[in-house]
Amino acid sequence: MKLNNRFLFGLLSLVLAAVIAFVALPTIARQTNGKTEIVRIRQDILKGEKITAENTELVEVGSYNLPDNIARSLDDVLGLYATADLSRGDYILTSKISMVPISSDVALNQIPSGKVAISLTVKTLASGLSDKLQPGDIIRIYHFLDIANEVPELRFVRVLSVTDSKGVNVDNTRELAEDEEKQQSATITVLASPEQAKIITALENDGVAHVALISRGNDKLAEELLDEQDRALQELYYPETLTEGTETDNPDTPASAGNHTVDSTDSGTSGSADTSAVSSQ
């Protein structure tokens with residue numbers, strides 16, 4: 001009986017050893033020795049710096065235990081911006097890159113002649129479009145004091161950037177990592193004429209400014225809306241510069257900067273712009 005027990009125990013040990021040798025070990029080896037390509041930092045990249053082909057490289061490494069959000073293709077990172085300092089040899093995680101620069105310097109360097117950049121405070125979540133604005137969006141700015149008013153000078157305005165309370169740009173297009181907390185919008189920086197900037201300054205200190213999204217991702221429509229806004233500003237402030245071809249049918253269009261709020265029944269320049277805005281949705 002003892003001999004039989006020893007025989008069975010030995011046989012079981014041989015079977016277990018075979019399973020380990022021919023099944024478990026090869027599986028573990030495949031997992032630890034498997035290769036995959038990832039993006040690695042070739043040169044130090046400072047926070048806010050653009051990621052280029054010169055400061056990155058594609059390398060083959062073991063695929064075992066790599067983070068899920070590691071960048072595996074140069075196409076996924078080239079042209080984006082680092083949200084933290086990256087050292088040579090670091091892997092690039094999607095949580096450390098952004099589609100927009102964390103500094104607004106790039107946008108500010110591209111301000112056309114005769115325009116200014118100016119920021120308005122997001123006083124409530126709703127007034128800032130619930131943290132969904134993106135650079136390049138065309139927005140309309142409303143003024144609420146005792147009642148809501150449309151501001152003819154601010155019907156179509158381009159967003160340059162959205163920043164949090166620390167002045168860091170908010171990238172609302174990027175997916176958050178599992179343990180990453182969403183940045184909250186604190187200010188919206190827009191491209192404006194000097195006349196628009198004065199009105200935004202007044203709104204900033206008087207009541208609440210609410211923004212509404214008019215157009216996104218449609219460059220042609222955006223230019224049409226901004227051109228229409230420029231014509232409206234010209235009619236309001238510099239009617240004497242209008243030529244016959246650009247004059248409106250309403251000769252009584254006010255030229256005073258003082259009256260910058262209108263009732264919702266005011267015709268202003270709303271006709272074709274509102275139609276275009278609706279068609280873009």
Mark yes when over 12 heavy atoms from residues, nucleotides or ligands other than K182 sit less than 6.0 Å from its NZ; otherwise mark no. yes

Measure the spacing between CG of N169 and OG of S98 and express it to the nearest 0.5 Å. 7.5 Å

So, E223 side chain and K220 main chain: donor-acceptor pair closer than 3.5 Å or not? no

Between P152 and E150, what is the shortest heavy-atom contact and its length? CD-O, 3.5 Å

Could you tell me whether R88 and E57 have a side-chain N and a carboxylate O separated by less than 4.0 Å? no

L46: hydrophobic cluster co-members (side-chain, 4.5 Å): none

If you look only at pairs with a residue in residues 200-213, which of them pass as a side chain to side chain donor-acceptor pair (under 3.5 Å), with sequence neighbours excluded? T121-E204

Cluster question for you: counting only ILVMFWY and a side-chain heavy-atom cut-off of under 4.5 Å, with indirect links fine, are V61 and L93 together? yes

Go through the steps to decide whether I111 and V116 satisfy the test side-chain contact (heavy atoms from CB on, under 4.5 Å), and finish with yes or no. CA-CA 7 Å; I111 297 177; V116 300; 5.8 Å; no

Are any side-chain N or O atoms of E49 and backbone N or O atoms of A82, one a donor and one an acceptor, separated by less than 3.5 Å? no

Got a sec: does the NZ of K123 have more than 12 other heavy atoms crowding it under 6.0 Å? yes

ILVMFWY cluster, I45 and I70 together (side-chain gap under 4.5 Å): no

T241 and Q234: side chain donor to acceptor below 3.5 Å: yes

Apply side-chain contact (heavy atoms from CB on, under 4.5 Å) to residues L154 and L203 and explain how you reach the verdict. CA-CA 11 Å; L154 303 177; L203 299 186; 3.8 Å; yes

Does either side chain, that of N55 or that of K50, offer a donor lying less than 3.5 Å from an acceptor on the other one? no

In this structure, would I200 and Y237 fall into the same cluster of hydrophobic residues linked by side-chain contacts under 4.5 Å? yes

side-chain contact (heavy atoms from CB on, under 4.5 Å), that's the test. Do D164 and Q184 meet it? Break it down for me. CA-CA 6 Å; D164 64 14; Q184 300 297 314; 5.8 Å; no

For the CD1 atom of I41 and the NZ atom of K96, what is their distance to the nearest 0.5 Å? 9.5 Å

With rounding to the nearest 0.5 angstrom, report the OG1 to CG distance, T189 to L160. 6.5 Å

Taking all atoms of both residues into account, what is the closest heavy-atom pair of P194 and G114, and its distance? CD-O, 3.3 Å

Quick one: does any side-chain atom of D44 pair with a main-chain N or O of S87 as donor and acceptor, under 3.5 Å? no

Between the CG atom in L74 and the OG1 atom in T52, the distance rounded to the nearest 0.5 Å is 10.0 Å

Within one Ile-Leu-Val-Met-Phe-Trp-Tyr cluster: I214 and Y142, side-chain cutoff 4.5 Å: no

CD1/I38 to OG1/T56 distance, rounded to the nearest 0.5 angstrom? 11.5 Å

Which atom pair, heavy atoms only, marks the closest approach of L133 to N172? O-ND2, 2.8 Å

Charged N to carboxylate O under 4.0 angstrom, D137 versus K132? no

Please give me the minimum heavy-atom distance between S165 and A186, naming the atom from each residue. N-CB, 3.5 Å

Look at atom CD of E60 and say whether more than 12 heavy atoms of other residues, nucleotides or ligands are closer to it than 6.0 Å. yes

Keeping the roles fixed (side chain from S185, backbone from T187), state whether a donor-acceptor pair exists under 3.5 Å. no

Minimum-distance pair of heavy atoms, taken over all atoms of I141 and A209: CG2-CB, 4.1 Å

Apply the test side-chain contact (heavy atoms from CB on, under 4.5 Å) to residues Q196 and L233: give CA-CA distance (whole Å), side-chain angles for both, the deciding distance (0.1 Å), then the verdict. CA-CA 9 Å; Q196 290 173 311; L233 290 170; 3.7 Å; yes

V168 side chain near Q183 side chain, heavy-atom distance below 4.5 Å: yes

Locate the shortest heavy-atom distance separating A197 from A192; write the atom from each residue and the value. N-CB, 4.2 Å

Please examine the side chains of V39 and D76, heavy atoms only from C-beta on, and report whether any two atoms are closer than 4.5 Å. no

Between the CD atom in E37 and the CG atom in L58, the distance rounded to the nearest 0.5 Å is 4.0 Å

Examine V208 and V211 and state if one hydrophobic cluster contains both, with Ile, Leu, Val, Met, Phe, Trp and Tyr joined whenever side-chain heavy atoms are less than 4.5 Å apart. no

Output yes when a side-chain donor or acceptor of Q229 lies under 3.5 Å from a complementary backbone atom of F156, and no otherwise. yes

Under a 3.5 Å cutoff, is there a donor and acceptor pairing between the side chains of R72 and T36? yes

